[in-house]
Every structure is written in C-alpha cells, then in structure tokens.
Protein chains: 2
Amino acid sequence: MKIEQATIKDIARELNVSSSTVSRALKDYPGISDETKRKVKELAKKLNYRPNAIALSLRKSRSFTIGVIIPEVVHFFFSTVISGIEEVAYSRGYNVILTQTNEKLDREQSSIDTMLSNQIDGFLVSYSKETKDFNHFSRLLDQGYPIVFFDRVPEIPNAINVMVDDYQGAFDAVSHLITQGYSRIVHLAGPKNLKISQERERGYRDALKNYGIAIDEDLIVECPIGTSDEGQKITKSLLDNLKQTPDAFFGNNDMAAVGAMLACKAAGLRVPEDVGIVGFSNWQFCSMIEPSLSSVAQPGFNMGAKATEMLLDIIEKKVNPEEVKEALTLETELLVRKSSVRLKG
Amino acid sequence: MKIEQATIKDIARELNVSSSTVSRALKDYPGISDETKRKVKELAKKLNYRPNAIALSLRKSRSFTIGVIIPEVVHFFFSTVISGIEEVAYSRGYNVILTQTNEKLDREQSSIDTMLSNQIDGFLVSYSKETKDFNHFSRLLDQGYPIVFFDRVPEIPNAINVMVDDYQGAFDAVSHLITQGYSRIVHLAGPKNLKISQERERGYRDALKNYGIAIDEDLIVECPIGTSDEGQKITKSLLDNLKQTPDAFFGNNDMAAVGAMLACKAAGLRVPEDVGIVGFSNWQFCSMIEPSLSSVAQPGFNMGAKATEMLLDIIEKKVNPEEVKEALTLETELLVRKSSVRLKG
DNA sequence: TTTTTTATTGCAATCGTTTGCGTCAACGTT
DNA sequence: AACGTTGACGCAAACGATTGCAATAAAAAA
C-alpha cells in the first residue's frame, strides 16, 4: 500500500553506477565528474529522494534527536520552555522527542529507558515532584550522556543546570510588597523537595529580614499540589484561624496566588486595599483577571533556548562539560500590576 | 568518553555463540537450549543490554514513532490534546515527536519533511492558520502515509478527522444566552479559513434563527489573532460605534471572550447583569476570573487519545483507512458560570 | 552398524548510508 | 616504449538486529 521511498540504491541502479558514487555525487564530493553529479542530482529530485535518517543514525551512532522530559505540558511555564527548546533544536537540525512524567517517578524512569533505546543524543530534564533521589541521572552522567537540567535542577556533581534566579525573584516580590506597606505576608510555599521552592522561600525570608520584619513560621504554608483550589482552601483556613489576619500573600506560583485572591474576596477583603498579592510565573491569565495579578515573570522561552544551546554545544563537542562548572541563572522580572499596589506612585 | 552501549554482538562474543543465537535466546525462540537462554539473559542483564531501536527501525522499516504537528503548545487546548496523545502512544509502545508550526505554513512543510526523513509511522496533524491549501497533505495520503487530523481538519477526500462538535457547542452556548434573556449577541468569530470557525459561526446563526432572532451581520466580527488584547480592542470599538449596544458576547475562544469582558467592564457595563459572555475552550482561567466565565469545554485529552488510537489502529492494520469514512465527532459541554447567568435558577 | 530424526546453533543476507582503499583506463613525461 | 599521474568510479565492510536456510552433532530408530 505504502509507496516506498526512493533510496540511493534506486538511483544507482537506474543510472548504472554504484551507491558510493551516488552518495558522493549528492554531497558534491571531489572525484566525481560533473556529468555524473548532474545526472544523479537530477534523478534524485525527480524521485523525490530523501535521505533515510534512520540509516544515517545507525551508521553514525547518532540520532540528531534530543529527549525532553518534563512534568506537564499543560503548565504554562513549561509550554513556553518547550517553545524555546523547539526553536533552537529545530534551527540546528535536531528533532525533539517529548515525554511528560505527570510528576511520576516511574514515568521518568521509563522515559529515560525508551529514549536510551532510541539512541538519543542528549537529555533535557526537569524532574518530577516525586523524584527525591537522583541516582538514575547520576548513572547517565557517569556513562557520558549529555544532560542539561532546567528549572527543577538536582544538586549532583557535574550536573549542568539552567535555572531562573528564584531567590532574587522572590526577594524582589516580597520587598515590593513590603514597600507597599504590607507587613504580615503569607508565603504559599511549594513542595519542599524542589530546589526552586526552597530558593523562593529563602528569598521570602531574606526580604523580610532585610526590612527588619520578624519571620512568623505560621505564615509559611506548603501548597504541595499547586492548584488554585488548594490555594483557596489554604487561604480560607488561614483567614479563619490566624489570630492576626495577614495583609499580603506571596504565592510560590500563580495558581496558588489566584486561589488566595479568590478566598480573600470571598472573605470580604479588598485587593489591593486590604490585601496585597503577588504570584510567580506570570501565566497568561495574570493580566486578564481583576485586579490584575502582579507576578514574577520567568523567561521560559529563553530558558528552553539556552538549555538547548548548551546541550547541543556539549553534544557537538563545542564545549567540554567539565568546563561548564557554574549553573546558568537567568534573571526574573517582577511585573507589578494592580493586585499589589496601594500607594500612589 | 561516552560508554558504549552493549550490543548483541558483545554478548555473542563473550559467550562464544553467534548473534543469531543471542537474538533468539533473548526472545525465547524455540530451538535454543534452556542453558544458553539462561546464560544469554544473565549476561544481557549484567551488561545492561538495551536493544538498539534505530537498528530495529532500519530492519523493520518502521520507527514506532508518530509525528505530531500542532500550531502551538502554549495553547491550553492543544496542551491537553498532547497529554492525550502521549498517554495512548506511550502505552502502546510508540514515541512521539512533536513540532509546533507557530501557525506558519513553511514550518508545517519542513516539519513534514524531517518527519518523513525520520521514517515516522504516521502523522497527527492540526494545521496552521496559514494553511489554505492541502496539497501537501493529499500527497502524503496518496503515498499511503497514515494521517489523522484533529480539531483543525481539512476537507479533503480520504482524510480521517477527529473533531469536536463545534456547531453544537456554539449552538448550545448561544441558545443559553438567549434563554437568559440576551438578544443582541455579538459573535467574536475566528479565522474564516478554519472549519472550526465556520462551524461555530454556523451554530451561532442557527441558534439565533431557532429563536426567531434576526441576524445582524454587524454583530459578527472576525478576530484573526485570538488574543485577549484583540478581543478587548474589537469590543471597545463595537461598544463605541454600534448604534444599539449589544447585550452579549459569544467568543470563538476564551481569550477573545475575556477581552470582551474587560472592555465591557471598562465601559461601565456590569457582567452578567448588563452583558452576558460565553467563551470557547474552557481554559483554566475561566473559573479564576470574576465573574467566572461560562465556556464550551472541548474534550482535549480525549480528542488526543482518540486520534492516536485511530492512527495506531491504522498503522498496525487493525483497521482499514478506507473503511473509516465518517469523521469522529466528540461532544462538547457547556459549562455555565457566572458571566452568563442573570436569571434566578 | 547404518539411517533417520531431533535438538541446537551458525551463515549470510538484509535494511540504507558512508567511506577507506583499490582498480583501471587515459593521459603526460622522459 | 616504459613509466608515473590523475581522474572517475566500484568494492566491501560497517552500524545492530532479524530470519530463512543450512549445518552439525547427538539421539533414536531400523
């Protein structure tokens, strides 16, 4: 049924030359007469010849494909990262095979396996929330597979990491809230095992310290799931139970922040007059809600692009992984919108 | 640097048998002694042997990989579709290679090319807004490549399409608005060349007709881009210029609908009291904004899953493409939220 | 003991492409 | 006339796995 693709052999047979000659003619190797080159190229075009990438991969032991492992595509930030990855990979002649772990460790493992089977040239990884041990990655690194981690990066030796400056982003966000006159600031924190969560919390703490505000551990609450529902419930219970009601929320992520906003409104609190809110990630909806949500923007596209460039540089040996000691940290940008501004500028 | 993967030959050499024996032993073929099988499997495990999928692909002229071509990952709906695709492909032992066209025709073309080079087993396509001519797809179909189109489907013979019932979704949404007492309903339409846009518009028209409401062509406005900014601008200019202000908006997509909501609010109109609004796609933010946005939910995950199942069935010849005459149409669900309810239930 | 059967394994080709090396004829040089 | 050059091309192996067809030895049957 399926029409067979023309191969080099087909061209060779038709022209009564050997496959070697065809191969060389197509690549303009020296030592092939112009006449032959002409005929070969002509026939190749006519037959719509397309090199078989699989055969090439086998021959070269390289697939020109990189594997991307991420938690979820539906996550806005990750989808922008994917765009960045795609863009660079594409322009440098690589394919991207993608798998989501859905935050499951076993998915992560088996994704790695099938990618290895497919002779992937390198990995781009943001690990799952379930992943607390990094042996499976260390092993790959030891075997010499190029891996670049992004956003969610492990703390293992030799790992090459691309991340955003979560600490600074959080620090800026909280500092902004403080200068707007908020002082009892809740932090809706992320899962403790993610370094990004730790860093954001550290930024929160340091900002408070910096302004001489005592840290109240009751105001730091973990939101393990990271949905707006969860944020809403947690905020409601905080508002109900805390002796002294908080006057601001810094969300580890935008969903949690929106949840907080909804819960505050439901409790009759005005945003930003009574309560200031800042999120993290700058999802598209931030500017679509009312009041619009201030948020720390992460350069997702850029992160994907940078990570991919590093990976490909390593793959193509333009760069020695041993020499890439430091992690690449990208700047965040605090986008101040209405939800956190109560002073006239 | 990179540690070589163990191959069948390695096992064969070490055990002083031929590669054929190893191959057969690994697959439990009859005619290999239990003793040999044991030794082979043992060594395979020890060497962490993993079959080389590339070599297999070359041999079998199949890659166990399907190519997915979509406009944008950042689009919520498409990201849910991807999840559905991934889920099914993964469970049936296929890989997914993904490319976004960013709504560009030339990207679409070159994606197809590289996928063909990579001996993809089949295509899953939602074409770009720029695509107005489907020859490149017809050619593939003629050559016998399995293709399943989803969401944005072309009208070409033999094409296998999976889509949602855009007509019914729109019909339901507009009917709902009418029964809520809105009558001058604007339709923020999509690009005319997309069938989904045409269908949604048709649903809009038929719902009005069905309730005996005359169609005012001035109330049908195309939103080619589909961002909230665009929706906002268009709505503002409608509110400024129409003699008779409209009392409802049915957005071809949620972004446009949110834009309309923002513009209405800015013009001092109350939602839903003065203006009713319904969107399409049910992005996550629909329930996070105020008032929450009614929207027609599309079964994205399900669509991805179904499309992939059909594709794989065709690839594996479980199904004859000639026999799949009709397009598969999935039901939508109107989620009524606050933005369109002004009657007490 | 000779022949037939059965169990176990190996050979070699194949998938499409690349590439080091060899071949062979035509030409130029002395 | 004998030799070296050079231009144009083919041979064959390799990448890793599969598989139809032998092949070999041991066991069973005659």
Side-chain angles (χ1 to χ4, degrees), chain A residues 2-41 43-44 47-65 93 114-121, chain B residues 2-41 43-44 47-65 93 114-121:
Chain A
K2 185 140 123 218
I3 292 178
E4 299 296 327
Q5 267 292 336
T7 73
I8 277 194
K9 290 186 185 175
D10 297 328
I11 300 180
R13 199 177 318 118
E14 186 125 351
L15 256 38
N16 275 319
V17 292
S18 73
S19 343
S20 348
T21 305
V22 176
S23 173
R24 286 190 259 252
L26 286 172
K27 315 211 112 152
D28 268 332
Y29 263 51
I32 303 290
S33 71
D34 291 348
E35 174 64 8
T36 310
K37 284 185 186 172
R38 220 209 65 241
K39 284 202 285 188
V40 168
K41 287 179 183 170
L43 186 57
L47 296 181
N48 197 19
Y49 169 75
R50 219 187 306 272
N52 183 323
I54 297 278
L56 254 164
S57 295
L58 184 58
R59 183 85 226 279
K60 307 260 186 193
S61 309
R62 299 210 25 203
S63 61
F64 284 94
T65 302
T114 65
M115 288 184 177
L116 284 179
S117 270
N118 282 279
Q119 314 299 112
I120 238 69
D121 288 350
Chain B
K2 183 139 126 220
I3 292 177
E4 299 296 327
Q5 265 293 335
T7 73
I8 275 196
K9 291 185 187 177
D10 296 328
I11 300 181
R13 200 177 319 117
E14 186 125 353
L15 257 38
N16 275 318
V17 293
S18 72
S19 344
S20 351
T21 305
V22 176
S23 173
R24 285 190 262 249
L26 287 172
K27 316 211 112 152
D28 268 332
Y29 262 52
I32 302 290
S33 70
D34 291 348
E35 174 65 8
T36 311
K37 283 185 188 171
R38 219 209 65 239
K39 284 202 283 188
V40 168
K41 286 181 184 170
L43 186 57
L47 295 181
N48 197 19
Y49 168 75
R50 221 186 305 271
N52 183 325
I54 297 279
L56 256 164
S57 296
L58 183 58
R59 183 83 223 280
K60 309 260 187 194
S61 308
R62 299 207 29 204
S63 61
F64 284 95
T65 302
T114 65
M115 287 183 178
L116 284 178
S117 268
N118 282 279
Q119 314 298 114
I120 237 71
D121 288 350

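Quick note: numbers below take in every heavy atom, side chains included, and nothing from hydrogens, waters or symmetry partners.
With sequence neighbours left out, Phe64(A) forms a ring-ring contact (aromatic ring centres under 6.0 Å, His included) with Tyr94(A). In this structure, Ser117(B) has no side-chain hydrogen bond (donor to acceptor under 3.5 Å, both in side chains) partners at least two apart in sequence or on a different chain. When the side-chain contact (heavy atoms from CB on, under 4.5 Å) test is applied to Arg13(A), the partners found at least two apart in sequence or on another chain are Lys9(A), Asp10(A). In this structure, the side-chain hydrogen bond (donor to acceptor under 3.5 Å, both in side chains) partners of Thr36(A), at least two apart in sequence or on a different chain, are Ser33(A). Lys39(B) pairs by the salt bridge (charged side-chain N to carboxylate O under 4.0 Å, His left out) definition with nothing, not counting sequence neighbours. Residues satisfying the side-chain hydrogen bond (donor to acceptor under 3.5 Å, both in side chains) criterion with Ser19(A), sequence neighbours excluded, are absent altogether. Residues meeting the side-chain contact (heavy atoms from CB on, under 4.5 Å) test with Asn52(A), sequence neighbours left out: Ile54(A), Ala55(A), Leu58(B), Gln119(B).
One can place CZ of Arg59(A) at 7 Å from C1' of dT17(C), the figure rounded to the nearest angstrom. At whole-Å resolution of the value, CZ in Arg62(B) and C1' in dG16(C) are 18 Å apart. Rounded to an integer number of Å, the gap from CD1 of Ile54(B) to P of dT14(C) is 22 Å. Put simply, CG on Leu58(B) is 17 Å from P on dA13(C), counting in whole angstrom units.
Atom CD1 of residue Ile8(B) and atom OH of residue Tyr49(B) lie 4.0 Å apart, to the nearest 0.5 angstrom. If you take CG on Asn118(B) and OG1 on Thr65(B), they are separated by 8.0 Å, rounding to the nearest 0.5 Å. A distance of 12.5 Å separates CE in Met115(B) from CG in Asp121(B), rounded to the nearest 0.5 Å. Going from atom CG of Asn48(A) over to atom CD of Gln5(A) covers 6.0 Å, rounded to the nearest 0.5 Å.
For residues 21-35 of chain B, every residue pair satisfying the salt bridge (Lys or Arg N to Asp or Glu O under 4.0 Å) rule, not counting sequence neighbours, is listed here: Asp28(B)-Lys37(B), Asp28(B)-Lys41(B), Glu35(B)-Arg38(B).
At a non-hydrogen distance threshold of 4.0 Å, Ser23(A), Arg24(A), Lys27(A), Tyr29(A) from residues 23-35 of chain A come into contact with DNA chain C. Sorted by residue number, the members of residues 6-17 of chain A with any non-hydrogen atom under 4.0 Å from DNA chain C read Thr7(A), Ile8(A), Lys9(A).
Note on the helix from dT1(C)-dA30(D) to dT30(C)-dA1(D): angle between the axes of the first and last five pairs equals 70°, rounded to 10 degrees.
Using a 3.5 Å distance cut-off with no hydrogens or angles, the side chains of Thr21(B) and Ser18(B) do pair a donor with an acceptor.
Counting non-hydrogen atoms under 4.0 angstrom, Ser57(A) reaches nothing in the nucleic acid.
Look at Lys60(A) and you'll find a side-chain N or O under 4.0 angstrom from OP1 or OP2 of dT19(C).
Taking 4.0 Å as the cutoff to heavy atoms of chain A, we find the contact window on DNA chain D bounded by dA8(D) to dG16(D).
Residue whose closest nucleotide on DNA chain C sits further toward the 5' end, between Ser20(A) and Lys37(B): Lys37(B). If you find the closest nucleotide of DNA chain C to Leu56(A) and to Ser19(B), the one lying nearer the 5' end belongs to Ser19(B).
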